[in-house]
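A quick write-up on the structure given underneath.
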Amino acid sequence: MLATEVIRAKRDGRELPPQAIAELVGDYTQGRVPEYQMAAFCMAVFFRGLSPEELRELTSAMVHSGDVLDLSAVPGRKVDKHSTGGVGDKVTLALAPLAAACGVKVPMVCGRGLGHTGGTVDKLEAIPGFRVNLPPEHFREILASTGACIIGQTARIAPADRKLYALRDLTGTVESIPLIAASILSKKLAEGIDALVLDVKVGSGAFMKRTEDARRLAETILAVGHAMGKTVSAFVTDMDQPLGHAVGNALEVKEAVDLLRDEGPRDLREVTVELTAEMLLLAGVAASREEARARVVGAIGDGRGFLKLCEIAEAQGADPDALADPSLLPRAQVTLEVPSSERGVVQAIDAEAIGLASACLGAGRTRIEDRIDPAAGLVVHKKVGDPVEVGEPIATLHVGSAPHEPPAAVEVRVRGAYQIGAHPVPAERLVRERIEGGGAA
């Protein structure tokens, strides 16, 4: 089928033959299908969806668009974690070294910022010298020697997804459940894992705004992952406000380091411990959930997690002194406080608006070619349920060297993200549920 025929067929709701999907992905990866046609296909999928068979074929084609890493020479079960994206979600920066410190082999291929959410690769690149573009042989060597290696997508690992990831960000198709599922699994299956822990964010700062959509995405990925021979578990976690306080690349690195030094925000710690404990269970290095949690908490308390992060960073070309001394991380030359215009209790925070505000300061992209400023972002001082007085800072803006909007406009965005009222607000559960079983796309 020609690309136009594939687009029309999916637009009209017809099921695509496997060969047509494989050829479309292959031709797009090789540059024979232009961006505008692939954008049209993505929009057709957004509205029409994919059958389970189509989704498996799309995922398989994306996996095999490049190299599939063979990690069989590295002993132990290889377990990764993936988050569907949120605001202030720096869990991976602490989770990977914690899991490795507890005996799990953690190969990770991560993405860049997408929409209003931050990307792990952008955060790692805020650490001076950290190399995320490594050839497969170096990836294997570092994984074997340190227990974890975190890289970005390369031209050799799921290159179809690498192109689609950037295209979806700018064509209004980020939230498509089939496209999210294929994107996640193509990267993860290409990196040679045995098991995957999935963290599906739900709420105002997530791509999934409703619990039922988050559950559907989790079930979709579980079904496809199981069909392709992998062990997958999934959690639905809260993203109705930023996770932790820092939003922005270098700022989030510092907050992850704070956690590994047995400090840092309570909500970030809770989610990190729960997801890391699940990795220990899937790797078979803990016999029970209680034991797994205790081992993770122990690796925080005795500093092994922090030392492991320094070891991983040094192996990937970074200066570990920048982790020990956060003043060596990129810092904004201009910071501005955002004072509250109301007195009361924080009722809600629009996390998506906070993420967009951070991006507008220079921490994110509005176009594919935009450069990230690692120092840009913001720090949220008031979370849901906190009391606030008139004039008290609710956030601090860290203005990048070339912000996409004037700081005054970003201040308006941040203030508008807050709802302040008179009544106390009960704490929401951070880990809403663990999903088991399968589903359809």
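Values below: every heavy atom of this structure, side chains too, minus hydrogens, waters and symmetry copies. For this chain, numbers begin at 1 and follow the sequence in order.
- The number of heavy atoms from other shown groups lying within 6.0 Å of CD (Gln333) does not exceed 12.
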* Determine, stepwise, if the pair Glu212 / Arg210 fulfils salt bridge (charged side-chain N to carboxylate O under 4.0 Å, His left out). => CA-CA 5 Å; Glu212 54 265 38; Arg210 304 183 305 167; 3.4 Å; yes
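- Residue-environment remark: NZ (Lys254) stays at or below the threshold of 12 foreign heavy atoms within 6.0 Å.
- Between the side chain of Arg168 and the backbone N or O of Val174, at least one donor-acceptor pair lies under 3.5 Å.
- Interatomic distance, CG of Leu50 versus CD1 of Ile177, reported as 11.5 Å (0.5 Å rounding).
- Heavy-atom contacts from other residues, nucleotides or ligands closer than 6.0 Å to CZ of Arg343 number 12 or fewer.
- For the pair Lys163 and Tyr28, the distance from NZ or CZ to the six-membered ring centre is under 6.0 Å and the angle to the ring normal is within 45 degrees.
- For Ala256, the side chain to side chain contact (heavy atoms under 4.5 Å, CB included) partners two or more places apart in sequence, or in a different chain, are Lys90, Leu93.
- Put simply, the residue from Thr335, Val247, Asp373, Val334 that forms a side-chain contact (heavy atoms from CB on, under 4.5 Å) with His398 is Thr335.
- Within a 6.0 Å sphere centred on CZ of Arg331, heavy atoms belonging to other residues, nucleotides or ligands number 12 at most.
- The existence of a salt bridge linking Glu125 and Arg112 is confirmed by a sub-4.0 Å separation between a basic side-chain nitrogen and an acidic carboxylate oxygen.
- The salt bridge (charged side-chain N to carboxylate O under 4.0 Å, His left out) check on Asp194 picks up nothing, with sequence neighbours excluded.
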* **salt bridge (charged side-chain N to carboxylate O under 4.0 Å, His left out) between Arg140 and Asp70, intermediate numbers included** => CA-CA 9 Å; Arg140 279 190 290 265; Asp70 180 4; over 6 Å; no
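- Between Leu217 atom CG and Lys201 atom NZ the span is 13.0 Å, to the nearest 0.5 Å.
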* Asked: Can you list the steps and then say if Thr92 with Lys81 is a side-chain hydrogen bond (donor to acceptor under 3.5 Å, both in side chains)?
  -> CA-CA 8 Å; Thr92 293; Lys81 185 275 302 182; 2.8 Å; yes
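- Residue Glu175 places its CD atom among more than 12 non-hydrogen atoms of other residues, nucleotides or ligands, all under 6.0 Å distant.
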